[in-house]
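Have a look at the structure below before the remarks.
Just so it is clear: chains get the letters A, B, ... in the order the sequence lines come, proteins before strands, and each one is counted from 1.
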Amino acid sequence: MSQTADQPDVEQHTGDVPPHRYTPALAQQIELAWQDRWEAEGTFHTPNPTGRLSEGFERVADRPKYFLMDMFPYPSGAGLHVGHPLGYLGTDVTSRFRRMDGDNVLHPMGYDAFGLPAEQYAVQTGQHPRVTTEANIAAIKAQLRRLGVDHDDRRSFATIDPGYYKWTQWIFLQLFGSWFDESAGKARPIEDLVAELDAGTRTPTAGTNPSGLPWAELDDVARRTVVDAHRLAYLNEAPVNWCPGLGTVLSNEEVTADGRSERGNFPVFRRPLKQWMMRITAYADRLIDDLDRMDWSDSLRLMQRNWIGRSNGAKVRFAAGAETVEVFTTRPDTLFGATYMVLAPEHPLVATLTADAWPDGTDPRWTGGAATPREAVAAYQRQASRRSELDRQDAGREKTGVWLGVTAVNPVNGRELPVFIADYVLTGYGTGAIMAVPGEDTRDFEFAEVFGLPVVRTVQPPEDFAGGAYTGSGPMINSANDEISLDGLEKADAIARITEWLVQHGHGEATTTYKLRDWLFSRQRYWGEPFPIVYDENDLPIPVPTSMLPVLLPEVDDYSPKTFADDDADSAPEPPLSRATEWTTVELDLGDGPKKYRRETNTMPNWAGSCWYYLRYLDPADDERMVDPELEKYWLGPREPGDVGGVDLYVGGVEHAVLHLLYARFWHKVLHDLGHVSSEEPFRRLVNQGYISAFAYTDERGFYVPAAEVVEKDGQFLYEGKPVNREYGKIGKSLKNMVTPDEMIGAYGADTFRVYEMSTGPLDQSRPWETKAVVGSQRLLQRIWRVVVDEQTGQVRAAEDVEPGEETLRALHRTIAGVRDGFSTLRFNIAIARITELTNHLTQAYGASSPVPRSVVEPLVLLVAPLAPHLADELWTRLGHEGSSAWHAFPVADERWLVEDTVQVAVQVNGKVRSQVSVPADADAAALEAAARADDKIAGYLDGATVRRVVAVPGRLVNFVLG
RNA sequence: GCGGGAGUGGUGUAACGGCAGCCACGCCAGACUUAGGAUCUGGUGCCUUCGGGCGUGCGGGUUCGAAUCCCGCCUCCCGCACCA
């Protein structure tokens with residue numbers, strides 16, 4: 001371990017410290033011994049109600065269950081810093097507290113290990129990803145053990161274990177084997193669909209039957225194609241996010257707003273490719289609506305709501321020559337104000353709509369300088385396709401576009417609307433076409449200004465309105481035809497009326513659109529779960545029978561991905577598994593005799609393994625089932641009818657707000673629909689822990705200097721005697737401000753490190769790291785130790801025959817109440833403050849060596865046990881108890897000692913505190929007032945003044961309002 | 001631009017609408033010490049003529065009473081961003 005200026009040198013002073021002091025060296029010794037003992041005795045084994053892990057359940061059968069967990073770590077090889085354990089310690093303290101307080105607590109931990117970063121790390125180090133990943137897992141496991149966390153180690157696994165990914169593949173087959181029945185609002189087995197199609201009670205969903213022939217007239221292959229297009233996991237040829245720098249395609253959630261890969265920051269291009277998709281959009285409504293049934297933070301729910309992006313509106317059809325252009329709008333009430341239309345440059349109707357020649361007198365601004373509409377459109381499309389995502393999304397850019405040379409007809413008033421293409425309309429949203437209402441839409445107004453298009457106002461702006469698009473509320477104007485008038489109506493009524501009219505006349509209908517897209521599920525990488533899919537001679541997908549799972553990831557000579565120049569948009573993905581020629585074809589007997597099949601060579605994204613791992617903790621060794629339904633019901637089932645169920649407390653970083661948390665909810669809902677789980681949601685309560693950052697320092701050249709060697713002097717920061725600039729940022733090697741748990745544990749012990757991390761604020765709050773402040777937590781633990789153990793003799797100071805005084809009893813019970821409050825609200829800092837107060841009180845009341853009442857010492861040890869479990873267990877056994885305190889009942893405050901006999905009450909005059917009076921705790925308002933008036937100081941203020949009013953709040957204060 | 005959250009000592013933080021700053025770091029002083037980066041004790045918001053005055057980003061409001069509730073503004077953080 002490196003020595004740095006901030007760390008105390010333990011060895012230097014051991015010569016003259018008392019022989020039985022709680023020193024870092026003693027802490028180490030105690031901690032290692034207890035960690036061994038907990039493991040040997042299975043202290044933290046949690047019994048299941050049934051099955052393989054049910055031994056000892058009768059001991060906890062009458063306890064309520066409590067399932068809490070962390071977002072499991074991803075062993076990247078970069079190493080843990082002091083910020084990483086924050087959440088793990090938060091759940092650990094909670095877990096230990098709830099176990100002591102009478103819950104059957106499940107607190108497991110596993111490892112997310114497939115995926116890009118692990119593969120990249122392996123490529124860098126020239127080793128097989130399994131080798132590096134397993135080494136990294138072992139390292140993290142050892143670090144967690146050294147922190148003293150209470151995970152049930154029998155339930156641990158990694159997503160790369162064949163026994164685990166067998167069931168990841170099984171879940172994929174569940175998704176492949178089902179479809180979303182819109183009328184039922186849920187997923188159903190695909191066999192039901194086939195049966196209903198056969199029976200003629202259902203027709204294929206729109207867009208799934210390219211031939212258009214009736215089901216009965218389709219041949220087998222055509223039927224399979226139709227059915228495949230209904231599945232929740234389906235193959236689709238569509239523009240996807242192709243990232244040449246990573247050599248793989250990515251999901252929308254993995255691409256940043258400026259069109260780059262979240263991982264590695266490489267450019268991403270839209271490119272049509274045939275890929276596996278997950279039909280998450282079918283669940284958009286339930287994913288939004290059920291957010292309100294869960295205990296998640298408002299901000300997180302909002303992020304999911306925004307990502308799903310539901311908007312209610314209407315589809316409206318406009319006739320354009322022989323064609324019909326369908327638009328989506330959230331403001332059908334402004335239909336009378338539409339003065340032109342815009343299609344996305346990639347809209348499929350552009351080619352058919354485009355005119356051969358410009359009509360006479362065409363505004364030169366509309367032509368893009370081209371001789372014909374076709375030339376103008378071709379040029380504009382080319383320009384739009386070359387434009388990067390970043391450019392295209394720059395809202396500040398001047399609007400561009402060209403006219404197609406044709407018009408469409410507004411169904412409400414017959415007005416001829418010129419039809420443009422412009423890149424401010426996006427292909428992927430709504431119908432890829434809009435009606436433009438410059439009077440009430442800012443973007444349309446900007447376009448209208450550039451192209452000289454008319455503006456018709458349909459909402460009355462206020463008198464002082466400055467001009468431009470008016471997006472506020474107001475009565476409708478200019479909105480009437482022979483049959484309908486919206487004039488005078490407010491927005492909501494107007495939308496209802498016009499929608500009704502559109503439906504009556506066949507011009508449109510109410511509809512809902514979403515920003516959420518289906519989840520792109522294939523990756524062209526080696527280090528992931530293989531798909532349990534093979535292809536037959538028709539190139540159609542066939543599921544591998546569950547009896548043949550898992551489909552093992554084959555060993556290959558070259559597992560590195562085929563990557564390309566970052567900006568090589570025309571490159572094509574090449575899955576590493578396609579090079580495993582032995583593996584790619586396989587002879588199987590799938591019912592009609594042994595045949596050759598071609599394997600799917602894509603792998604799953606690393607989100608797959610993390611989508612359902614919480615279920616596997618219930619029994620990771622179950623080889624018969626993904627999860628035993630009885631265990632799922634016990635640990636995750638609804639607590640009462642209408643409850644969503646799920647993990648009782650899930651702690652993790654906010655960076656997974658729309659990735660892991662959305663995908664996992666989707667899978668869980670599918671599993672629920674198919675009857676595999678009783679709960680409707682995976683995570684009932686979710687808390688985002690804060691981040692720990694640290695100061696970093698730059699010298700006069702702007703280079704970072706080692707933060708640990710910077711000293712502060714008179715408000716200045718010095719490195720090697722020279723002033724440096726202080727910055728604040730992420731902990732890491734690049735800022736030279738790395739501090740690791742191992743260093744802190746080496747210098748102070750795990751308990752001190754735990755107490756320090758928990759003392760710096762509520763769990764969900766971000767905070768700075770400050771090594772020099774850790775000593776405060778060490779001093780606290782030393783004082784607690786000293787209250788129990790005589791530092792000179794090593795004798796236990798607790799004595800049965802010493803009765804605590806009243807003040808000590810009050811201090812104890814106030815502390816119990818405060819610590820409970822802190823633990824149950826994840827504000828561990830409050831619990832630690834109360835424990836500190838009690839410890840300081842005992843230190844003062846009983847000195848360094850006189851006996852301390854056992855009736856106070858024991859509760860103190862139990863109170864601190866969730867925070868500093870090694871120290872507590874050591875003291876607990878020294879106090880004469882057998883074994884760990886982990887299962888001992890947590891102290892309960894006695895109300896008797898929480899209420900005071902007499903209370904100090906503030907006396908205010910005109911709202912300012914002028915004095916204090918001591919009154920009986922149950923004194924009523926009149927008695928309070930009398931006591932206050934009797935106070936000399938107050939009498940002085942009241943003398944000669946008119947008391948206009950007296951406010952007396954029993955137990956709180958008296959306020960005299962003078963006239 | 002839209003949406004959300006937050007602004008309290010030198011620092012991390014704490015305060016059912018009721019005595020602002022619990023607890024800790026740091027700092028100051030003292031005790032024990034050859035010594036102190038150990039331990040223990042006391043002090044520590046700002047100003048002060050030592051009476052007191054002023055203090056929770058700024059300005060208003062509600063209230064007997066506001067860090068807390070309401071309105072406006074400023075600053076910072078987060079999310080989304082031409083989403084029709």
Side-chain angles (χ1 to χ4, degrees), chain A residues 5-9 12-14 16-18 21 23 257 297-303 305-307 309 311 313 327-331 334 342 392-397 399 422-426 428-437 440-444 446-447 513-515 654 657-658 712 715 755-756 759-762 765-777 779-780 782-783 786 791 818 827 829-837 839-840 843-844 847-848 904-916 948-953 955-962:
Chain A
D6 276 353
Q7 290 161 21
D9 186 334
Q12 193 176 317
H13 304 289
T14 45
D16 50 355
V17 296
R21 170 156 297 172
T23 59
S297 73
D298 289 344
S299 64
L300 198 73
R301 286 188 294 183
L302 197 75
M303 280 160 74
R305 223 172 266 131
N306 288 342
W307 185 262
S311 33
V327 307
F328 172 74
T329 176
T330 55
R331 293 294 303 275
T334 63
V342 185
R392 192 160 168 177
Q393 293 187 359
D394 179 5
R397 218 175 84 233
K399 296 282 181 288
D423 63 7
Y424 82 93
V425 172
L426 308 176
Y429 186 75
T431 60
I434 62 156
M435 64 175 203
V437 187
E440 279 89 32
D441 184 283
T442 314
R443 298 151 299 178
D444 296 344
E446 287 167 8
F447 188 88
T513 65
Y514 305 88
K515 280 197 324 193
V654 71
V658 291
E712 187 181 354
V755 169
Y756 173 70
S759 73
T760 47
Q765 189 165 323
S766 291
R767 60 201 77 180
W769 176 264
E770 199 178 3
T771 298
K772 71 176 182 189
V774 178
V775 68
S777 301
R779 288 178 190 149
L780 169 63
Q782 283 179 334
R783 288 202 296 277
R786 200 176 300 123
E791 285 191 330
R827 295 180 303 163
N829 53 324
I830 291 181
I832 293 167
R834 298 294 85 81
I835 288 172
T836 310
E837 283 173 335
T839 307
N840 291 349
T843 300
Q844 290 189 349
Q904 288 280 311
V905 165
V907 184
Q908 299 181 335
V909 176
N910 286 337
K912 291 199 187 302
V913 178
R914 298 300 183 186
S915 186
Q916 304 270 332
R948 206 153 52 85
R949 186 171 168 189
V950 180
V951 182
V953 185
R956 299 236 176 261
L957 54 51
V958 187
N959 187 12
F960 291 97
V961 185
L962 304 186

Within this structure, what is the [atom1]-to-[atom2] distance between [X] and [N], rounded to whole angstrom?
X: Gln844(A); N: A31(B); atom1: CD; atom2: C1'; value: 15 Å
X: Arg779(A); N: G26(B); atom1: CZ; atom2: C1'; value: 10 Å
X: Glu446(A); N: C82(B); atom1: CD; atom2: P; value: 12 Å
X: Gln916(A); N: A20(B); atom1: CD; atom2: P; value: 10 Å
X: Arg305(A); N: G3(B); atom1: CZ; atom2: P; value: 15 Å
X: Asp441(A); N: C2(B); atom1: CG; atom2: P; value: 15 Å
X: Ile830(A); N: G21(B); atom1: CD1; atom2: P; value: 16 Å
X: Leu300(A); N: C77(B); atom1: CG; atom2: P; value: 21 Å

Across all strands shown, which nucleotide pairs with [N] by Watson-Crick or G-U wobble geometry, both distances under 3.5 Å?
N: G3(B); value: C78(B)
N: U13(B); value: none
N: U39(B); value: A31(B)
N: G26(B); value: U44(B)
N: G18(B); value: C64(B)

With a 4.5 Å limit on heavy-atom distance, are the side chains of [X] and [Y] in contact?
X: Lys515(A); Y: Trp307(A); answer: no
X: Gln908(A); Y: Val951(A); answer: no
X: Met435(A); Y: Asp444(A); answer: no
X: Ile434(A); Y: Tyr424(A); answer: yes
X: Val654(A); Y: Met303(A); answer: yes

>> Using heavy-atom distances to pick each residue's nearest nucleotide on RNA chain B, tell me which of Arg827(A) and Gln904(A) is more 5'.
In response: Arg827(A)
>> Using only modelled atom types and a 3.5 angstrom limit, is any donor from either the side chain of Arg834(A) or the base of C23(B) paired with an acceptor on the other?
In response: no
> Trp769(A) vs Tyr756(A) aromatic rings, parallel, tilted or perpendicular, using cut-offs 30° and 60°?
Replying inline: perpendicular
Nucleotide N/O to protein N/O under 3.5 Å, stretch nucleotides 9-13 of chain B:
from, atom 1, to, atom 2, distance (Å)
G12(B), O2', Thr760(A), O, 2.9
U13(B), OP1, Gln765(A), NE2, 2.2
U13(B), O5', Gln765(A), NE2, 3.2
U13(B), O3', Asn829(A), ND2, 3.2

Between the protein and nucleotides 60-67 of chain B, list every N/O to N/O distance that falls short of 3.5 Å.
from, atom 1, to, atom 2, distance (Å)
C64(B), OP1, Arg949(A), NH1, 2.7
C64(B), O2', Asn959(A), ND2, 3.3
C64(B), O2, Asn959(A), ND2, 2.8

